[in-house]
Chemist: 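Here it is, the structure, as structure tokens.
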Amino acid sequence: MGVAGYVALRVGWAAVVSVIIVTVTFGLLAAAPNPSVQQAATQAALEGGDPQEAVERERQLRGLDEPLHVRYLDFLTGVYTLEWGWSEYRSQPVTTALADAVLYTAQYSIPWTILTVLFGPLIGVYSAANMYTWRDHAATGFAFFGYAIPNFFFGIILLLIFGVWLEWIPIVFRTEVPAFSLANARQLAIPVFVLVTGSIGAIMRVSRNESAAFRNATFMKTAKAKGVSPLRAYAYHVMRPTLVPLSTTLVGQLLAIFLGSSLLVEVVFGIPGLGRLTFNALVAQDTNLVLGSTLLFTFLAVVGNLLEDLAFTVLDPRISYDDREL
Amino acid sequence: MTDNGSGATADGSGATADGSGATADGSGATTDDPLLAVEGLRTTFETEAGDLVAVDGIDFTVERGETVCLVGESGSGKTVAVESLTGLIDQPPGRIEGSVRFRGAELTALPPKALRRHRGASIAYVFQNPQDALNHCYTVGWQLIEAIQVHEDVSDAAARARAIDLLDTVGVPDPAGRIDEYPHQFSGGEKQRVMIAMALVTEPDLLVADEPTTALDVTTQAGILQLLDDLKAEYGLGVLFVTHDLATVSQIADRVVVLYAGTVMERGPVVDVFERPAHPYTRALLACLPGRESDLDAVGGAERGGIAGSLPDPTAPPDGCRFAPRCAHAESACSTGDQPPEVAVGDGHRVSCIHYDPGDDPSALPDPTESAAEAERSSVESARQDVIGDE
Amino acid sequence: MSDAPLLSVRDLTKHYTTTRGGLFSRETNRIRAVDGVSFDIHPGEALGLVGESGCGKSTTASSVLRLTEPTAGDVIFNGGGRGGAGRNDDGTHPNDVTRFDRNELKAFRRDAQLIFQDPASSFDPRLSVGASIAELPLVHGMTDAERRRAIVEDLLERVGLSADEYDRYPHEFSGGEKQRLALARALVLNPDLLVADEPVSALDVSVQADILRLIDDLRAEFGLSVLFISHDISVVREVCDRTAVMYLGEIVEVGPTEAVFETPQHPYTEALLSAVPTLDPRSSGDHIRLTGSVPSPADPPSGCRFHTRCHRVIQPDGIDLDQSVWRRVLDFRERVVAGEIDSASVRERVRVGEASPGPPAGRSERAAADDTEVGGPDTDDAARVRAAYDLPATFRDPDVDRAVADAVAALLSGDDARAAETLAEAFTTPCADHAPEFTTHSDGHRAACLRHRPDLPGGMGVFDAE
Amino acid sequence: MSTDTDPNAEADAPRFDRVDWEAYAGGRTGRVSTTTKLFALTVAPIVALAGYDRVAAGERETVFDAFAAATDLPLQAFGLDFAVTAVDYAFAATLLLFVWYLVVPLFQHPRIASHYWRRFKRNRPALVSLAWLFVVFGGGLLGPLVLNAPEQNILAGHQPPVGLTVAEANVPQCVGEVADGRCGGTWEYPLGTTRGGVGVFTGVVYGMTISMKIAFITTTIVAGIGITVGTVSAYAGGWVDEVAMRAVDIVLSFPTLLFFLLVLYVYGAGLGMFIVVFSLFGWGGTARYVRSKALSVSEEEFVKAGRLSGASTRRVVRRHVVPNTASSIITQLTLLIPGFLLAEAQLAFLGLGDSSIASWGQLIAAGRSDLAFAPWIVLAPGIVLFLTILAFNFLGDALLDAVDPEATTEAER
């Protein structure tokens, strides 16, 4: 079994996981009374109609009178053919609504991810290189501050300072500015900063602790003994092995922060991205849209975990594909 | 010693221990200076319990073409000593004092960058555990080529050809096929050979080998020792060999320096130290070796068995001789002042023990099993109790 | 010493199967860690088991104690009042440890104990050492806490510690003290057999001697039998009455310690002894050099397992080379057949040979010591290949020379298969075809080497040749 | 072996080689430990009360009222008049678990406890963090008994904290003193009030209770499932291991927050559901960690020695493997708790949390619109939340150092 075999196996497993999650989601929805059915009943009752009849009609309309396995297969087909239904709240197909929102989410999450992945390991290794000096303590303090301060709280405070008091940034996100413009950069600077402080701390801590072990490894002594400069030694001999364990946590950490924080940051800063869309769908009781955004996030998580595993395999030469378990 | 040169160097080095004469190989350095001369080397570490003195003022020299063994048990400071030579110790928490002269040039005064040029280029290291000594993320070839290119501006292809050649020199089978493999694909002995190849890339003058065979099986160990001996003869290397294993010392050393608790107990040509050990510690250590009574007659007097007691606390070393608290021959005078000055008891054979006067025969040490020694011991005991009583 | 052995191990085998692959595909790989090991230990006797890392000695120890389940074989333990039993009708033995049920095994635990190699991890860091030792009597039914404590305190003093160290924790002890504690724990149930797995290899020399003497004293005082496992021949020599030498899962030689070490009858024992440095600085450093590395126990060599590295490997009829040249020819053959040497690596070697001036360093004088000529760098590629792989430029035997020349030519022309075939046909050794059987040399001294079989070519008891 | 002549004297001498082990064989040793008995004894009333609540107490009746009515005991006089939820029962049981299995053992083994303490207290920030967490714990436990539950009082809205003033126009009615047209804070509301007149200090203290409940219950569930799955997986091996680890994969790739939103959307959810969902999807990492740790601990010689003692696998696992893995997962759990607290605060802030509880997130959400002129409503709970999360992180870091076996060997050198 070579690389290709392993990748195929791992992708297959990711597909299995996604099916399981989709199934659990279906089970959850199927077991509960459908809100729109209830809504129809309430509506009918208010309008003096027969609630029972309204329920029947609504159920038929939504195909809820079909047997469970048929509905399950329909659901599964729908999910994997991207027929995610009509969003009543947005009056457009769910996929279109999601695609629109993704554009806004991408505007801040791409710079955020790049900055985190770039600076997290760098600061971590720097901290380890200067372990127990004031530089290390400063970096550690920054990291702890970053992941201890709740993103939404930090966002509110910064918005108050820079938006309300100093008026440097707009309080409400303006969608009319072009994506690649200074104005857009200005209004996204604070959300990106908030997210970066939140995520860089975790990455930096992991990098620091992992590279601390490699810093004292004999191979570092070997590198020093053969006359390699400290900078080169850290860049090649510490950074590289640190990336291996880091790769196992990096994607997970980023995803966890992304799933939680994008929701909060978008609500706080009024960015009409995926998080805000999900929030609005929840408030507006738009089942299809709630389901759609949940599935999108789920697939992101599955793909993220897949990439994480593949990265780990590629990065660590000691892992032969033959011995690698899933 | 299979090579015919070592006998001569052993004799020559006996003289150099006193600071005179040298066996220069004509590599352009001043011929009067020894290859490596260490004086008053003292390495301390700041710890929460106070300053930990790992190496407490030791001197030794290494000449070209000779092997000097630093021998001692764990905690004797032997590894710290050799890592202090080129500043491999992190400072802080470490602090290195004393003088380290390499071909007459003072190393401790050098700025880090200049010191780095010496490391690898003229002083190369081989470490104990080949398992971790190579970076698991890079191929063996990459690491060898890095070692070459750090010091020389050569093309990748030329560096690679040299790396293959070196792997062949150190006896890695099929070097061309294996240069692109990762360290985990090599056996322990092969990794150690790769480490030696890496140490040789810049044709150093001094090779520091820190317990290079301890982690290896005995048949593998024999091969590595043989290789080091061959290379010493071929390249005219000075070898500073650190080990806890006296048997290895007897196989490879020209001269021996016995360390205990960071200080030198005894030094001399290997034959003298093994056949006429002077210091009680050396004697006890030799007596500890299992299954070898028949090999050696000199140990005879001492009883087989371990050395009672344990190493002194390195943050608060005892007064006088460091070994006195565990010594069967200790008198009250042993526990006062500093470590006794070294006394010559043979040609280049010197011992740090108050029981000797210059020129004494190393066998002059009183036998501890006699009643006189018993009396000495009890006097030490009472002396100690007096000290405790005073507090 | 009575006639019946305390422990009798017969054809003990432990194969590990490692599973590779995940949920969807499975492959199994069989590691033959211990492959048919037999030995006896008599009451009060100490048997040493020596060998290099990976030879299966530790696996043997844990299989004897059933810490790992052996794959096959009998471990008949006659201690603890079990003596005198004979085999059942179906060939099984009532005292076979490998067949003990739960209760029998628990009783067996009282009679056979183990001390480990690593003092750092031998005690639960969360329990006081006293509690750790006292756990054994508790497990075996002694519920009276005070009595347990009294017994353990008494025992602590017997191993050279003091009773008030009962309440201290493992991190408060040095390595040597922990090994004393480990001895106390092993002794607390008053066993008949003590298995010591590298008990001193993690200790300083000065402490080693202490612990070895303690083991010796306790053994004499309580009539213990000891199975002593070590890689260090000198330690075994010090402690053991008899010694068994293991290589790659098999015992190759066994006998009274002095006999094994003074007159080794197996080339491996000989090489092992020669590799141990002596304490005499005047001794010549001539060692027997073993080529190659230890083969994988997953795929051990056929015939005698040592033949791939043996310096005394037998030459077939019709070949009469210098023994060291023969060894190198066989090494070359092995590596070509295994695909380690192929046309690509040969070509790179030729290129390197051209680039560097003079013959490859380090090889020259070694090869020159042989009675054959060495190919110089100024000859053609074939000579360069021969030099690179330590082969003489010409062999006196024309058949041998032709076979090697053909193989080198095939390699240079890129035909790896033909090279392998040529070499495999031309060079064979009886050692690869026949599994050696034990031959007896003196009282209880036995070795398994084909050199001792007179019916084979080269089998003439060459060990007295020196 | 023994050369003594009097067999009767031997039998009682405390010497290992004179014990007749056959006489002891078959004795029962697998008894229930005292700690377990005491735990069972103390947790029984809580279980009984919960059962009574479920069976006897009516819909809108608190269990204490029902019990008082049934038994004529003046329970109200002891302050036992509040409604008890399932979360409260779980919290009480969890607290007992912590007392008997974490606090009491520390006192039973003072030598090892002081060893850990010496290592722990070298870390200053961790000491401060521990002190702060004690404040939060104490406040959360005792606060509700001392302070009345937060109540709305529109007239007392937007009061500033003690020592601050606010323009009189911004408050409906000033509770404290008015000077120069500015309303000052009073000790009645030390941290000011919200728009609805709820005391921020009271809100923060009640929020501590919620946070403590989340911290303790989720930790217990996560640790319970994680340790069980991890050890069983490590020890059973084979297909059990395979299935368990695949389950961990799934749990780990589950976007818990999203899933909770879905649950919330479909069923509606309170604090109890929050705790259940988050802990049911939070154990993946712990299980994986425990498994690898258990496997490596099993390789340690003291575990082999345990097996060689003749003890059953169950005993070895319970007595040696689990305790030695557990001490190192404490760190992991300490670092999990802030995640749960943060998630609750986020949900509450979005207005998706349990509106019936006074958590810090609720308070921050309540103050958001008034941030410009009444920042204390957001700042006070926000800073407390920040400090608590910070404290857990510092604590986790310090515990890692304190129980890390590598650090132990370092110190031994």
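Chain letters run A, B, ... following the sequence lines, proteins first, then strands; residues in each count from 1.
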Chemist: Quick one: which of H151(B), E146(B), M198(B) has the most heavy-atom pairs under 4.5 Å with chain A, could you say?
Modeler: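 Answer, by heavy-atom pair count under 4.5 Å with chain A: E146(B).
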
Chemist: Heavy-atom cut-off 4.5 Å, strictly under: side chain, backbone, both or neither for I123(B) against chain A?
Modeler: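 Contact with chain A involves the backbone of I123(B) alone.
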
Chemist: Look at K113(B), E83(B), M195(B) and state which one has the largest set of heavy-atom pairs under 4.5 Å with chain A.
Modeler: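 Of the candidates given, the most pairs with chain A belong to E83(B).
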
Chemist: Out of V208(B), L85(B), L88(B), V150(B), which one pairs with R119(B) under the side-chain contact (heavy atoms from CB on, under 4.5 Å) rule?
Modeler: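 When V208(B), L85(B), L88(B), V150(B) are each tested with R119(B), the side-chain contact (heavy atoms from CB on, under 4.5 Å) holds only for L88(B).
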
Chemist: Between K221(A), R232(A), K226(A), which has the largest tally of heavy atom pairs under 4.5 Å with chain B?
Modeler: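 Looking at each option in turn, the highest pair count goes to K226(A).
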
Chemist: Could you tell me whether the side chain of T213(B) reaches within less than 4.5 Å of the side chain of Q192(B), counting heavy atoms only?
Modeler: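 Not in contact.
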
Chemist: Side chains of Q149(B) and D156(B): any donor to acceptor distance under 3.5 Å?
Modeler: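 There is such a pair (donor and acceptor under 3.5 Å, judged by atom type) between the side chains of D156(B) and Q149(B).
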
Chemist: Where does S229(A) contact chain B at under 4.5 Å (heavy atoms): side chain, backbone, both or neither?
Modeler: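 Looking at S229(A), backbone and side chain both touch chain B.
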
Chemist: Using only heavy-atom distances, determine whether the side chains of S207(A) and T242(A) contain a donor-acceptor pair under 3.5 Å.
Modeler: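 No donor-acceptor contact under 3.5 Å links the two side chains.
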
Chemist: Should the pair D210(B)-K78(B) be classified as a salt bridge under the 4.0 Å nitrogen-to-oxygen rule?
Modeler: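 Salt bridge between D210(B) and K78(B), a charged N being under 4.0 Å from a carboxylate O: no.
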
Chemist: Is A121(B) close to chain A through its backbone or its side chain, or both, or neither, when contacts mean heavy atoms under 4.5 Å?
Modeler: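 For A121(B), neither part sits under 4.5 Å from chain A.
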
